[in-house]
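One structure is given below, encoded as structure tokens.
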Amino acid sequence: MNWMLPQVLASWAAMAAGAWLGWLGGRAMGAASAGAALGAMGAMGLAMAVDGLRARRLMSWLRGGTDAEAPRIGGLWGEIAYRVERSQRQRDQALVNEQRRLSGFLSAIEASPNGVLLLDEGDHISWCNALAADHLGLNPQRDRGQPITNLVRSPAFVAHLQGGHWLEPVALGLPGREGSLLVSVRGHGDGQKLLVTQDVTERQRGDAMRRDLVANVSHEIRSPLTVLSGFIETMQTLALSEAERGRMLLLMQQQSERMQGLVADLLVLAKLEGGPRPPIDRWVPLADLMQQVADDAVQISGGRHRVELAGGEALALAGSQAELVSAVTNLATNAVRYTPDGGHIRLSWSLRPDGQASIEVLDTGIGIAREHLPRLTERFYRVDSSRSRETGGTGLGLAIVKHVVQRHGGVLEVDSVLGDGSCFRLVLPPSRVRREPVDCAVA
Ligand code: ADP
């Protein structure tokens, strides 16, 4: 109300001044009262004209959309302009705050590990994050406003969306690639829907691997157990000679060793999968490691093969000594097991020009046909099951080797020619390789 008093006072002052001037003029002509009345009316007219001009400035500001600064005018119109401008500023600020909240909310949904898609009451796409678009094969900009059932045409999805029973998610394939997707639907607002999509390919693969592992382990353990229980029954029911008893006990011992080997390898794998990454600052001298493996290979071969250790550069590897020894020993043991008597086994290592270290186990054994090579490192994959079992194999050796080398940031390479022999190579990255002083090398 601080505009009112000055305006009233100014009007009164103008009227008083007009009346006084009119009275002065009127008195000279002998009509003082009429002059005063005319002067007052003239002053009032002038005040109204000034007011009209102010109102016009206000109107033209309002018509201009109020983006420009409000006109600085006094009186009632100035007060109106000020109040309109203030409420406009408050509304703009509220809008900015709302937009900030909305974009924060949308970027949080964008960062969600699941796809999120919003549908309006007619099942048109209102909004979706990049992950939902990827999962459903949509283009977030182009497809906005389109009916989702025109774009995701899987009958299972359409029936689920339109069925209205959304307690369970619906399973779909990923568009254009292998994999599975779960889509959950939730109703909200006035007939709108929220869709949450989740890529479950890895989870399903993990479930399948676990199922396969349990089936494989059960299968592997069942055969020795059957043999053992058969022998136990025979020993209980039949009177056996000392020689027969001895033969049976030997076979029983072999079967229980087979189970022990299997359990030991399974434990190694479990430890590798759950264990911490191999250290990057513990250096294992390679020459010592290879010497240890070669000594073991000589012992396992029992003189049936020529085992050679070809010394390479003096190198050390950063990582777990136990894991590296186990990996190279597995390769050397396989070389002995899959090389007929009289064959040659060669262990060597070298530093590649790019700084990688390569550990090689070469044999002149039975070799492996090309088609088996990609599957060799799968658990329980065997090219020749009977030979693997006869020689005490568990089918887990190369799976262990692959795990170890991957944990050290390297790869396992295999070259093999059926009937000619094989070459298994562990290749480790330069970050885990360093040269050692020369006296560490084995010549
Ligand atoms: P296993 O315990 O059966 O030897 P591995 O995982 O160590 O299991 O090896 C998988 C399969 O790869 C073996 O069953 C065998 O058929 C083949 N294999 C591994 N090493 C050699 C080799 N040096 N020469 C020929 N075949 C091999």
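Position 1 is the first residue of the sequence, and the numbers go up from there. Counting starts at 1 for both ligands and their atoms, following the listed order.
Looking only at heavy atoms of the protein, atom 12 (O) of ligand 1 is closest to Leu376 CD2, 3.3 Å. With hydrogens left out, the protein atom closest to atom 5 (P) of ligand 1 is Leu398 N, 3.6 Å, a heavy atom. The nearest protein atom to atom 11 (C) of ligand 1, hydrogens excluded, is given as Tyr381 O, 3.7 Å; this is a heavy-atom distance. Here the protein heavy atom with the shortest distance to atom 23 (N) of ligand 1 is Asp363 OD2, 2.9 Å. When hydrogens are left out, the protein atom nearest atom 8 (O) of ligand 1 is Gly395 CA, 3.2 Å; that is the closest non-hydrogen contact. Residue, atom and distance of the protein heavy atom nearest to atom 13 (C) of ligand 1 are Tyr338 OH, 3.3 Å. Among protein heavy atoms, the minimum distance from atom 3 (O) of ligand 1 is reached at Ser388 OG, 2.5 Å.
Ion pairing between a basic and an acidic side chain is recognised when a charged N comes within 4.0 Å of a carboxylate O; Glu390 and Arg387 show no such pairing. Ion pair Arg177/Asp134 flagged as a salt bridge, since at least one NZ, NE, NH1 or NH2 atom sits closer than 4.0 Å to an Asp/Glu carboxylate oxygen. The existence of a salt bridge linking Arg210 and Asp207 is confirmed by a sub-4.0 Å separation between a basic side-chain nitrogen and an acidic carboxylate oxygen. A salt bridge links Glu85 with Arg72: the distance from a Lys NZ or Arg NE/NH1/NH2 to an Asp or Glu carboxylate oxygen falls below 4.0 Å. At a threshold of 4.0 Å, the pair Arg425-Asp415 counts as salt-bridged, since one of the basic side-chain nitrogens sits closer than that to a carboxylate oxygen. A salt bridge links Arg205 to Glu202: one of the charged nitrogens lies within less than 4.0 Å of a carboxylate oxygen.
At under 3.5 Å, not a single nitrogen or oxygen of Gly393, backbone or side chain, sits near a nitrogen or oxygen of ligand 1. Considering both main-chain and side-chain atoms, Ile368 never comes within under 3.5 Å of ligand 1 through any nitrogen or oxygen pair. The N/O atoms of Ala399, backbone and side chain alike, include none that comes under 3.5 Å of an N/O atom in ligand 1.
Distances from ligand 1 to the non-hydrogen atoms of Gly365 include no value under 4.0 Å.
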Test side-chain contact (heavy atoms from CB on, under 4.5 Å) applied to Leu373 and Ile368, step by step: CA-CA 7 Å; Leu373 295 181; Ile368 304 160; 3.9 Å; yes

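Within the listing of ligand 1, atoms 3 (O), 14 (O) sit less than 4.0 angstrom from a heavy atom of Arg382. Below 4.0 Å from some heavy atom of Gly397 lie the following atoms of ligand 1, by number and element: 5 (P), 6 (O), 7 (O). The Thr394 neighbourhood of ligand 1 comprises atoms 2 (O), with distances under 4.0 Å to a heavy atom of that residue.
Contact annotation for Arg337 and ligand 1: only side-chain heavy atoms (C-beta onward) come within less than 4.0 Å of the ligand. Contacts between Asp384 and ligand 1, counted as non-hydrogen atom pairs separated by less than 4.0 Å, involve the backbone only.
Residues Asn330 and Gly397 approach most closely at OD1-CA, 3.5 Å, considering heavy atoms. Minimum heavy-atom separation, Gln192 to Asp120: CG-CA, 3.9 Å.
Going from atom CG of Leu376 over to atom CZ of Arg382 covers 12.5 Å, rounded to the nearest 0.5 Å.
The side-chain heavy atoms of Val227 and Gln254, taken from C-beta on, include no pair separated by under 4.5 Å.
The option from Leu373, Val383, Asn334 that lies nearest to atom 20 (N) of ligand 1, judged by heavy atoms, is Asn334.
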